[in-house]
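In what follows, chains carry the letters A, B, and so on, assigned in the order in which the sequence lines appear, proteins first and then strands, with residues in each chain numbered from 1.
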Amino acid sequence: MAEVTTRPRVRFAPSPTGYLHVGGARTALFNWLFARRHHGVFILRIEDTDADRSSWDMVAGIVDGLRWLGLDWDEGPDIGGPHAPYFQSQRLDRYRAMADRLVREGHAYYCYCSAEALKERRDASQTTGIAWKYDRRCCELGADQIAELETTGAPRAIRFKVPEGTTYFDDLVHGRIEFDRANLEDFVILRSDRHPTYHLSVVVDDVEMQVTHIVRGDDHISNTPKQVLLYEALGIDLPHFAHVPLILGPDRKRLSKRHGATSVLEYKHLGYLPEAMVNFLALLGWSPGTDLEVFDTAELVEQFSLAGISGGNAVFNPEKLDWFNAQHIARLASGEIARRIEPELRAAGLWNDDVLGSGRSWLLRVIELLKPRARKLTDLVESGRPFFGHAVTYDPDAVATHLGDPGLASHLDALRDRFATMTEFAAPAIEATLRKVAEERGVKAAPLIHATRVAALGRAVSPSLFDVLELLGREKTVQRLGVAARIARGDAAGDRF
RNA sequence: GUCCCCAUCGUCCAGAGGCCCAGGACGCGGCCCUUUCAAGGCCGAAACACGGGUUCGAAUCCCGUUGGGGACGCCA
């Protein structure tokens with residue numbers, strides 16, 4: 001089973017639920033990576049046969065999610081394509097025509113059993129303990145019985161007539177999978193309201209859209225034999241199937257809302273980079289076969305192969321996602337980071353239009369300094385606050401441990417005076433000055449450094465203090481040192497917290 | 001219940017009969033660096049579910065058990 005023939009055509013076919021969840025995102029990603037890797041076509045198709053919910057609004061969440069991840073499609077509802085429309089709800093006539101043809105050719109038949117009657121029989125079989133399967137009642141109807149039912153105008157659905165025997169298909173991730181058709185019932189392909197069921201619509205669309213590889217979730221394995229039967233009845237060669245394992249929550253249950261964030265867009269708002277999300281998702285169930293793990297999207301495209309997909313389900317590991325995010329932030333150019341956090345900085349009232357001009361390089365240097373310790377973009381906004389804002393918010397614990405000693409006040413005053421008068425306010429000189437002041441006053445440098453950090457930023461952790469002060473600038477440093485001295489004395493405590 | 005899929009460290013993966021007393025990564029512990037916190041470097045604890053085969057040899061092949069997951073709709 002050759003994985004790739006010529007130019008593969010794959011599709012991502014979500015139901016319009018309003019948002020793209022993590023599992024769907026990974027399925028879409030695998031399809032996209034495969035298409036891009038082999039210069040094929042990635043199709044976006046909306047499976048909304050069930051509903052009147054076929055508006056573009058309903059798919060907006062999914063589309064936004066895909067766009068955020070950078071997964072672009074070559075054919076789809078918004079851009080059209082040679083097989084438009086890409087909303088199943090707009091293709092109903094095709095499914096009906098196909099269902100009618102299957103009846104005509106003897107592969108399907110009308111079923112007049114009502115939903116209620118079916119339920120009754122199903123429930124009855126439950127008590128006997130025998131697994132329920134449609135009893136084929138309508139398949140065995142005589143011509144006169146059918147004629148009679150037709151005259152009463154009874155609603156009729158169309159069922160596919162499952163032949164005896166065995167059905168198999170060669171799955172690209174699982175190998176050959178066989179099903180005894182005795183376990184398959186005559187499934188409905190067209191409801192009594194003439195709307196298709198999933199089995200019919202996927203097959204019809206995949207055939208018409210010339211999909212060559214069906215890459216979808218594991219949960220579809222048991223649907224596949226029914227679809228294989230449909231392909232065979234239609235006399236059409238099977239596409240390749242690749243069923244990818246599901247993503248599970250920490251409790252090993254299928255990932256769902258109760259596991260927290262499941263919409264990819266939520267991750268955007270939590271400060272994750274799309275390239276990190278893509279990287280993480282790609283390696284959840286797939287491996288390039290090497291020890292490397294951090295890849296940008298282009299590298300992923302280059303290495304992707306369906307053969308590298310593993311067969312078992314994967315548990316979503318948020319800590320590892322965080323790590324990937326940190327790795328990608330560290331690799332991102334500061335200018336790009338600035339561009340991405342601008343909205344957040346603006347929203348937090350921390351954006352100074354200055355940074356578009358003369359302050360630009362200063363902004364980039366601040367980001368450069370903060371970058372290595374950020375796991376999320378939101379960390380950058382948070383840790384950047386004392387740099388961008390004017391007011392300092394003092395962490396009470398930091399103040400208590402590092403500015404709690406009133407004896408510190410005079411040292412801070414001395415340091416402030418020296419900072420105010422030293423010539424070049426740059427990191428090496430700042431460090432030399434501080435150490436000198438400490439030495440002159442007979443105190444260790446460490447406590448003074450810690451106190452100065454709290455003075456400058458209001459918190460006990462930060463990048464190297466001397467770099468921090470240089471970027472903060474002499475003016476703010478001196479001013480904040482003054483405030484800190486008053487806090488140490490106990491004067492200013494009341495209005496600063 | 002029936003059918004199907006899966007089974008290597010807590011988690012994600014590598015391993016396609018000897019290279020494996022099992023390798024990488026996250027997380028965890030320790031050390032180094034150091035003004036704090038990260039980053040980085042080094043070290044460490046941590047797994048082939050179980051039982052039978054096959055074979056000179058099995059994490060790798062076969063069977064069974066157990067465990068986990070999925071599907072059993074006129075949902076997709």
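A donor-acceptor contact under 3.5 angstrom links the side-chain atoms of Ser192(A) to the base of rC74(B). The base of rA76(B) sits within donor-acceptor range of the side chain of Asn223(A), with an N or O pair under 3.5 Å.
The separation between Phe179(A) atom CZ and rG70(B) atom P is 16 Å, rounded to whole Å. The OH-P distance, from Tyr198(A) to rA76(B), rounds to 10 Å in whole Å. Between the NE2 atom of His450(A) and the C1' atom of rC37(B) there is a distance of 10 Å, given to the nearest Å. Rounding to whole angstrom units, CG of residue Asn313(A) and C1' of rA7(B) are separated by 11 Å. Put simply, CH2 on Trp286(A) is 22 Å from P on rU11(B), counting in whole angstrom units. For the pair Asn317(A) CG and rG27(B) C1', the computed distance is 7 Å after rounding to whole Å. Note: CG (Asp251(A)) to C1' (rG10(B)) measures 15 Å, nearest angstrom. Rounding to whole angstrom units, CZ of residue Phe466(A) and P of rU34(B) are separated by 13 Å.
Residue His243(A) is classed as having no contact, given no heavy-atom separation below 4.0 Å to the nucleic acid. At the heavy-atom level, Pro463(A) lies under 4.0 Å from base atoms of the strands shown. Contacts of Glu293(A) with the nucleic acid, taken as non-hydrogen atoms under 4.0 Å apart, include base atoms. Among the protein residues, Leu118(A) comes within range of the nucleic acid bases, having at least one heavy atom under 4.0 Å from a base atom. Nucleic acid contact class of Gly285(A) (heavy atoms, under 4.0 Å, all strands): sugar-phosphate only. Using a 4.0 Å heavy-atom criterion, one finds that Leu465(A) contacts the bases of the nucleic acid, with or without backbone contacts as well. Residue contacts shown for Glu431(A) are absent, as no nucleic acid heavy atom lies under 4.0 Å away. No engagement by Ala445(A) is indicated, since no non-hydrogen atom pair under 4.0 Å with the nucleic acid exists.
At least one side-chain nitrogen or oxygen of Ser310(A) sits closer than 4.0 Å to the OP1 or OP2 atom of rC13(B). In terms of phosphate contacts, Thr49(A) brings a side-chain nitrogen or oxygen within less than 4.0 Å of OP1 or OP2 of rA76(B). For Arg254(A) and rA71(B), the shortest distance from a side-chain N or O to OP1 or OP2 is below 4.0 Å. Side-chain nitrogen and oxygen atoms of Arg159(A) include at least one within less than 4.0 Å of the OP1 or OP2 phosphate oxygen of rC74(B). Contact between the side-chain N/O atoms of His174(A) and the OP1/OP2 oxygens of rC6(B) is found at a separation under 4.0 Å. For the pair Lys253(A) and rG69(B), the criterion of a side-chain N or O lying under 4.0 Å from OP1 or OP2 is met. In this structure, Arg252(A) reaches the rC12(B) phosphate: one of its side-chain N or O atoms is under 4.0 Å from OP1 or OP2. Taking 4.0 angstrom as the limit, Arg122(A) places a side-chain polar atom (N or O) nearer than this to OP1 or OP2 of rC74(B). Between Arg435(A) and rU35(B) there is a side-chain N or O to OP1 or OP2 distance below 4.0 Å.
Nucleotide rU55(B) forms no Watson-Crick or G-U wobble pair with any nucleotide shown, as no partner meets the under 3.5 Å limit on both distances. Here rG17(B) sits opposite no nucleotide as a Watson-Crick or G-U wobble pair (both hydrogen-bonding atom distances under 3.5 Å). Base pairing annotation: rA7(B) forms a Watson-Crick or G-U wobble pair with rU66(B), both donor-acceptor distances under 3.5 Å. Nucleotide rG44(B) forms a pair with rC28(B), judged by Watson-Crick or G-U wobble geometry with both contacts under 3.5 Å. Under the Watson-Crick or G-U wobble criterion, with both distances below 3.5 Å, rA38(B) is left unpaired in every strand shown. With a 3.5 Å ceiling on both atom-pair distances, rG73(B) lacks any Watson-Crick or G-U wobble partner.
For the pair Ala314(A) and Ser462(A), nearest-nucleotide mapping onto RNA chain B gives the more 5' position to Ala314(A). Each of Thr290(A) and Gln327(A) lies near RNA chain B, and the nucleotide nearest Thr290(A) is the one positioned closer to the 5' end.
Minimum atom distance to the side chain of Arg373(A) is reached by rA38(B), of the listed rG73(B), rU35(B), rA38(B). Listed candidates were rC74(B), rA71(B), rU2(B). Nearest to the side chain of Asn183(A) is rU2(B). Checked against rC74(B), rG69(B), rA71(B), the side chain of Leu246(A) finds its nearest nucleotide in rG69(B). Among rU36(B), rC5(B), rC26(B), the nucleotide with an atom closest to any side-chain atom of Ile177(A) is rC5(B).
Remark: the separation of the P atoms in rC12(B) and rC4(B) is 25 Å, to the nearest Å. For the P atoms, the distance from rC72(B) to rC63(B) is 27 Å, rounded to whole Å. rC9(B) sits 26 Å from rG57(B) when the P atoms are compared, rounded to a whole Å. When the P atom is used for both rA49(B) and rG67(B), the distance is 16 Å, rounded to whole Å. On the C1' atoms, rC32(B) is 27 Å away from rG10(B), given to the nearest whole Å. Of the C1' atoms belonging to rC50(B) and rC13(B), the separation is 24 Å, rounded to the nearest Å. Comparing rG44(B) with rC56(B), their C1' atoms sit 37 Å apart, to the nearest whole Å. Taking the C1' atoms as reference points, rA58(B) lies 6 Å from rG17(B), given to the whole Å.
Exactly one residue among Phe280(A), Phe295(A), Phe304(A) makes a ring pair (Phe, Tyr, Trp, His ring centres under 6.0 Å) with Trp286(A). That residue is Phe304(A).
Under the 30°/60° scheme for interplanar angles, the aromatic rings of His107(A) and Phe160(A) are found to lie parallel. Ring pair Tyr112(A)/Tyr110(A) is tilted by interplanar angle, where 30° to 60° counts as tilted.
Side-chain polar atoms of Asp205(A) and Tyr86(A) form no donor-acceptor pair below 3.5 angstrom. At a cut-off of 3.5 Å, with distance as the only test, a side-chain donor of Asp186(A) or Tyr109(A) sits close to an acceptor on the other residue. Using a 3.5 Å distance cut-off with no hydrogens or angles, the side chains of Thr224(A) and Arg216(A) do pair a donor with an acceptor. In the model, Arg453(A) has a side-chain atom that pairs as donor or acceptor with a side-chain atom of Ser462(A) under 3.5 Å.
Atom CZ of Phe316(A) and atom OG1 of Thr262(A) lie 9.5 Å apart (nearest 0.5 Å).
Taking the six-membered ring for Trp, His220(A) and Tyr198(A) have ring centres closer than 6.0 Å. Side-chain rings of Tyr134(A) and Phe187(A) stay apart, their centers remaining 6.0 Å or farther from each other.
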